[in-house]
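Right, one structure below, let's go through it.
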Amino acid sequence: MEGTLEPSASAPDDAPGPPGVPADLLAAGGVRCAVEGAVATVTLARPERRNAQTPETWQALAAIGRALPGTVRVVVLRGEGPSFSAGLDLSRLTPEFIGTLARQDDAALDATLESYQEAFTWWRRPDLVSIASVAGHAVGAGFQLALACDLRVVADDVRFAMRETSLGLVPDLGGTKPLVDCVGYARALEICATGRWIDAKEAQQLGLATLVVPLAELAAATQDLVAAVLATPRDAVVELKALLQGAGGRSYDEQRSAERAAQIRRLRDLAGLGE
């Protein structure tokens with residue numbers, strides 16, 4: 001898998017990052033964040049390790065989510081180098097690390113795992129549209145990070161896999177819910193239990209990929225999608241995202257009611273009668 005991704009949004013890598021996120025925290029996590037106007041670009045920046053993730057990566061990503069200014073409407077997530085993310089950095093998954101975690105009591109261990117999950121949860125906030133720009137490997141934690149985003153623009157060289165079960169673990173970074181939502185229970189079980197590879201063609205067939213493009217066109221295609229989202233009024237997109245996110249848990253009649261409530265708010269806002 002040759003080639004290096006160019007920045008995939010209008011925020012260049014040397015644009016200012018979100019205020020309040022220490023540079024040393026980002027450096028320790030191998031993450032960059034650039035904010036320019038309504039677009040933030042988050043880059044996994046450990047290409048020498050195929051952007052393998054560590055707890056420090058998750059701390060940095062969580063801090064970015066907390067610090068993004070309210071002017072940001074779209075967040076693009078990308079990987080530097082030929083791969084999006086090869087998953088958890090296995091050099092960190094030592095018996096000592098596992099033992100340290102396992103010896104915590106249930107409440108403490110649950111809190112630790114929840115702190116890791118924070119890096120994966122904020123991408124679906126109603127006030128943001130998140131776009132993963134994915135090339136090369138997206139494995140385990142990398143697959144879950146791509147699934148954390150609302151939309152996925154995928155290069156034709158992509159290879160997804162969920163490998164946690166082969167390590168005796170389960171996916172625990174928020175990836176199981178969006179995976180089941182995308183592909184259904186039976187296919188999600190098969191994907192996770194076998195840890196097999198999913199190529200770009202199958203990813204599109206399964207609904208994992210919003211769009212598949214040649215690798216050389218990934219940055220431009222991502223930017224086109226960013227521009228299309230930004231062309232729509234922000235408040236309408238915020239209402240729409242919340243409406244769609246809740247649809248799976250509502251009956252048909254409940255969803256119609258939610259549509260009416262959302263439209264009432266939009267009509268009153270457009271008429272200058274909103275609160």
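Taking all atoms of both residues into account, the shortest heavy-atom contact from A45 to E80 is CB-OE1, 3.6 Å. The two atoms that bring P126 and A242 nearest to each other are CB-CB, 4.5 Å, heavy atoms only. Taking both residues in full, the closest heavy atoms of A148 and F120 are given as CB-O, 3.2 Å, listed atom of the first, atom of the second, then distance.
Shown here is E114, whose CD atom has no more than 12 heavy atoms of other residues, nucleotides or ligands within 6.0 Å. Atom CG of D105 has more than 12 neighbouring heavy atoms from other residues, nucleotides or ligands inside a 6.0 Å radius. For R268, the CZ atom is loosely surrounded, since the number of other residues' heavy atoms within 6.0 Å does not exceed 12.
Of the inter-residue distances, the one linking T176 atom OG1 with L189 atom CG reads 12.0 Å to the nearest 0.5 angstrom. A distance of 6.5 Å separates CD in Q245 from CG in D150, rounded to the nearest 0.5 Å. Rounding to the nearest 0.5 Å gives a distance of 12.0 Å between CG of L206 and NZ of K201. Atom CD of Q204 sits about 13.5 Å away from atom CD1 of I198, to the nearest 0.5 Å.
Counting heavy atoms from C-beta outward, L26 and R32 have side chains that stay 4.5 Å or more apart. A heavy-atom distance below 4.5 Å is not found between the side chains of R234 and V237. With a 4.5 Å cut-off on side-chain heavy atoms, V42 and R78 do not count as touching. Between L243 and Q255 there is a side-chain heavy-atom pair separated by less than 4.5 Å. In this structure, the side chains of L90 and L167 come closer than 4.5 Å at one or more pairs of heavy atoms. Within the 4.5 Å cutoff, the side chain of L173 has heavy atoms near those of the Y116 side chain. By the 4.5 Å heavy-atom criterion applied to side chains, E239 and Q263 are not counted as neighbours. Taking the side chain as every heavy atom from C-beta outward, L44 and L145 approach each other to under 4.5 Å.
In this structure a side-chain-to-backbone donor-acceptor pair under 3.5 Å is missing from R92 to F97. Without hydrogens or angle criteria, S133 side chain to V153 main chain gives no donor-acceptor distance under 3.5 Å. Not one N or O on the side chain of R163 forms a donor-acceptor pair closer than 3.5 Å with the backbone of V139.
Of the residues V180, D181, L179, the one that meets the side-chain contact (heavy atoms from CB on, under 4.5 Å) test with K177 is D181. No option in L230, L151, V129 other than L151 meets the side-chain contact (heavy atoms from CB on, under 4.5 Å) test with L225. Paired with V74 under the rule side-chain contact (heavy atoms from CB on, under 4.5 Å), one option of T41, L128, I131 passes, and it is I131.
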**Request:** Mind running side-chain hydrogen bond (donor to acceptor under 3.5 Å, both in side chains) on Q53 and W58 for me, showing each step along the way?
**Result:** CA-CA 7 Å; Q53 300 171 39; W58 303 332; 2.8 Å; yes
**Evaluation steps, side-chain hydrogen bond (donor to acceptor under 3.5 Å, both in side chains), between T57 and T54** = CA-CA 5 Å; T57 305; T54 66; 3.2 Å; yes
**Request:** Evaluate the criterion salt bridge (charged side-chain N to carboxylate O under 4.0 Å, His left out) for residue pair R46 and E56; output intermediate values, then yes/no.
**Result:** CA-CA 12 Å; R46 299 181 71 210; E56 290 79 16; over 6 Å; no
**Verdict with reasoning, S91 to D89, per side-chain hydrogen bond (donor to acceptor under 3.5 Å, both in side chains)** = CA-CA 5 Å; S91 69; D89 189 335; 2.6 Å; yes
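Taking a cutoff of 4.0 Å between a charged side-chain nitrogen and a carboxylate oxygen, R125 and D127 qualify as a salt bridge. Electrostatic pairing of R187 and E202 does not count as a salt bridge here, judged by no charged N lying under 4.0 Å from a carboxylate O.
V72 and L77 fall within the same hydrophobic cluster, where Ile, Leu, Val, Met, Phe, Trp and Tyr residues are linked whenever their side-chain heavy atoms come under 4.5 Å apart, directly or through other members. V183 and V170 sit in two unconnected hydrophobic clusters of ILVMFWY residues. Membership requires side-chain heavy atoms under 4.5 Å apart, directly or through other members. Using a 4.5 Å cut-off between side-chain heavy atoms of Ile, Leu, Val, Met, Phe, Trp and Tyr, with links allowed through other members, W122 and F143 fall into the same hydrophobic cluster. With hydrophobic clusters built from ILVMFWY side chains whose heavy atoms lie under 4.5 angstrom apart, V229 shares a cluster with L211.
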